[in-house]
Amino acid sequence: FFYEEVTWPHVTFQFGARANQASFSPGGGLPERTFTDVSGSVGLLLRPAAADDRLTIALSLARAARNPALEELYFFGPHPGNFAFEIGNATLNSEKALGFDASLRWRTPRASGEFTYFRNSIDDYIFRNPISEEEFEERFGEGENHTEGEEDEEEHGHGEFPFIEFVAADSLLQGVEAHTDIDLGGGIDLELGFDYVRGQLREGSRPLPRIPPFRARSGLRYHRSAFQAGGEVVAVARQDRVFGEETPTAGYALLRLFGSYSFGANDVVHTITGRLDNATNELYRNHLSLIKDFVPEMGRNFKVVYSLQF
């Protein structure tokens with residue numbers, strides 16, 4: 001890979017590229033696969049002279065590729081950690097994406113922030129597709145060793161796990177994200193942000209699975225010398241743009257509280273942090289979790305972290 005950057009007084013041009021090759025040679029009569037992929041990007045940072053370096057416009061165009069992972073190609077069996085019987089697809093090709101993003105960044109003596117729009121058009125985007133037990137039996141369960149009922153479950157070892165296969169389709173992902181930090185004075189900072197992404201198949205505009213819903217966050221942080229404390233509220237919308245057998249996920253709001261103190265000794269910075277996550281003990285499920293239909297996220301929990309910086 002390589003990366004280069006050329007800078008002028010109010011303009012920076014960035015470019016880079018990477019090439020990689022991956023080969024898989026499984027046994028059991030499965031086909032060998034070799035993937036050779038090239039990725040590259042160009043970027044432009046514009047700092048208008050009239051803004052006195054307080055405003056930056058960032059533009060980027062990238063062509064990226066990702067070869068299928070081993071389990072996406074060849075896995076066939078129960079995956080207890082994901083509560084699923086997963087079925088690989090040895091015919092998958094590398095994902096190839098053309099992405100564009102544009103950002104506006106600003107900074108003043110008492111505030112800073114960034115707003116970004118991104119768009120990724122992906123050929124052969126790989127995702128998990130739920131299939132019914134009837135479809136599984138039709139495609140994989142027939143043959144001389146086929147049995148029914150409990151014997152069939154023993155043969156494939158799926159138990160109560162749902163069937164998931166890895167498939168690929170041309171897709172489009174686009175969205176926006178923003179955040180800002182504001183100094184309110186007296187050692188108090190206000191932090192605000194939100195993000196939203198919309199994913200869909202390019203043909204038919206059907207929603208993609210496991211796409212995060214709209215999320216907004218706000219927080220206050222107090223700092224004085226080596227001490228800081230604060231809290232943050234994260235509000236997540238309901239996600240009902242779902243794919244196939246995927247289930248909708250209810251919205252929720254979480255409260256996080258924290259405090260930390262740092263001190264130096266023997267050229268080492270020691271930091272002690274206490275954090276209370278999900279302070280209201282909200283019962284919620286994460287739409288990105290592979291096991292959200294079986295297990296909710298963690299309730300109220302408290303952590304103490306001691307860290308050293310040399």
Side-chain angles (χ1 to χ4, degrees), residues 68-89 92 95 122 125-141 148-169 171-173 175 194-201 204-217 233-256 277-301 303:
L70 180 67
E71 62 273 17
E72 294 170 337
L73 289 169
Y74 302 116
F75 200 95
F76 187 89
H79 189 163
N82 290 341
F83 282 73
F85 186 101
E86 296 179 345
I87 306 165
N89 184 346
L92 291 173
E95 296 178 338
I122 309 173
Y125 177 74
I126 299 171
F127 58 94
R128 298 161 59 89
N129 177 42
I131 63 174
S132 66
E133 186 163 356
E134 290 75 16
E135 184 177 356
F136 176 86
E137 293 300 333
E138 180 180 347
R139 293 169 54 188
F140 305 103
E148 297 190 8
E150 295 182 1
E151 292 181 359
D152 183 63
E153 290 190 3
E154 281 185 22
E155 178 184 346
H156 298 298
H158 72 87
E160 298 298 322
F161 293 156
F163 296 104
I164 299 292
E165 67 172 341
F166 292 99
V167 298
S171 304
L172 177 65
L173 293 166
F194 71 87
D195 54 78
Y196 175 72
V197 61
R198 186 180 181 93
Q200 62 189 45
L201 299 175
S205 300
R206 295 175 60 197
L208 285 172
R210 301 181 63 224
I211 297 297
F214 175 82
R215 179 179 61 173
R217 61 179 65 227
V233 174
V234 178
V236 179
R238 173 181 173 84
Q239 180 58 286
D240 51 17
R241 296 189 74 250
V242 294
F243 177 85
E245 300 298 317
E246 184 182 29
T247 57
T249 306
Y252 56 88
L254 301 176
L255 172 63
R256 179 173 70 96
D277 291 329
N278 194 3
T280 60
N281 204 31
E282 177 88 358
L283 178 64
Y284 72 104
R285 299 175 189 271
N286 182 355
H287 191 72
L288 299 185
S289 171
L290 296 174
I291 60 174
K292 74 179 183 72
D293 292 325
F294 305 94
V295 182
E297 297 298 307
M298 189 178 297
R300 183 187 297 115
N301 62 95
K303 300 176 183 177

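Under the rule for a salt bridge (Lys or Arg N to Asp or Glu O under 4.0 Å), the partners of Arg238 that lie at least two apart in sequence or sit in another chain are Asp240. Looking at residues two or more places apart in sequence or on another chain, you find a side chain to side chain contact (heavy atoms under 4.5 Å, CB included) between Arg300 and Leu276, Asn281. Checked against salt bridge (Lys or Arg N to Asp or Glu O under 4.0 Å), Asp293 has no partners two or more places apart in sequence or in another chain.
For the pair Leu173 and Gly199, the tightest heavy-atom approach, listed with the atom from each and the gap, is CD2-CA, 3.5 Å. In this structure, Pro130 and Glu245 approach most closely via the heavy-atom pair CB-CB, 3.9 Å. The minimum heavy-atom distance linking Arg285 with Val295 is given by the pair NH1-C, 3.6 Å. For the pair Arg128 and Ala84, the tightest heavy-atom approach, listed with the atom from each and the gap, is NH2-CB, 3.8 Å. Closest approach of Glu246 to Leu208, counting heavy atoms only: OE1-O, 4.3 Å.
A donor-acceptor pair under 3.5 Å is formed between the side chain of Asn301 and the backbone N or O of Gly299. For the pair Glu95 (side chain) and Ile126 (backbone), a donor-acceptor distance under 3.5 Å is present.
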Practice prompt. Quick one: do Val197 and Asp195 satisfy side-chain contact (heavy atoms from CB on, under 4.5 Å)? Show the steps, please.
Written response: CA-CA 7 Å; Val197 61; Asp195 54 78; over 6 Å; no
Worksheet entry | Asn286/Val236 under side-chain contact (heavy atoms from CB on, under 4.5 Å): CA gap, chis, key distance, verdict | CA-CA 9 Å; Asn286 182 355; Val236 179; over 6 Å; no
- Task: Check step by step if side-chain contact (heavy atoms from CB on, under 4.5 Å) holds for Thr247 and Val242.
- Result: CA-CA 7 Å; Thr247 57; Val242 294; over 6 Å; no
**OP:** Could you walk me through whether Met298 and Asp277 pass side-chain contact (heavy atoms from CB on, under 4.5 Å), step by step?
**Re:** CA-CA 9 Å; Met298 189 178 297; Asp277 291 329; over 6 Å; no
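A ring pair (Phe, Tyr, Trp, His ring centres under 6.0 Å) with Phe85 is found for one member of Phe161, Phe75, Phe136 and no other, namely Phe136.
Contact of the Val167 side chain with the Phe127 side chain is registered, since non-hydrogen atoms from C-beta on lie closer than 4.5 Å. Within the 4.5 Å cutoff, side-chain heavy atoms of Glu297 are placed close to those of Ser289. Between Arg215 and Val234 the shortest side-chain heavy-atom distance falls below 4.5 Å. Put simply, the side chain of Leu73 does not reach to within 4.5 Å of the side chain of Phe166, judged on heavy atoms. Using a 4.5 Å heavy-atom cutoff, the side chains of Arg210 and Leu290 are in contact. Taking 4.5 Å as the limit, some side-chain heavy atom of Ile131 sits within range of a side-chain heavy atom of Ile87.
Interatomic distance, Asn129 CG to Ile164 CD1, rounded to the nearest 0.5 Å: 7.5 Å. From Tyr125, atom OH reaches atom CG of Leu201 across 10.0 Å, with rounding to the nearest 0.5 Å. Arg241 CZ to Gln200 CD: the interatomic distance, rounded to the nearest 0.5 Å, is 6.0 Å. With values rounded to the nearest 0.5 angstrom, Leu172 atom CG is found 8.5 Å from Ile122 atom CD1.
Between Phe140 and Phe76, the ring centre distance stays below 6.0 Å.
Remark: Glu135 CD is packed, more than 12 non-hydrogen atoms of other residues, nucleotides or ligands lying under 6.0 Å away.
Looking at His79 and Glu86, their side chains do bring a donor and an acceptor atom within 3.5 Å of each other.
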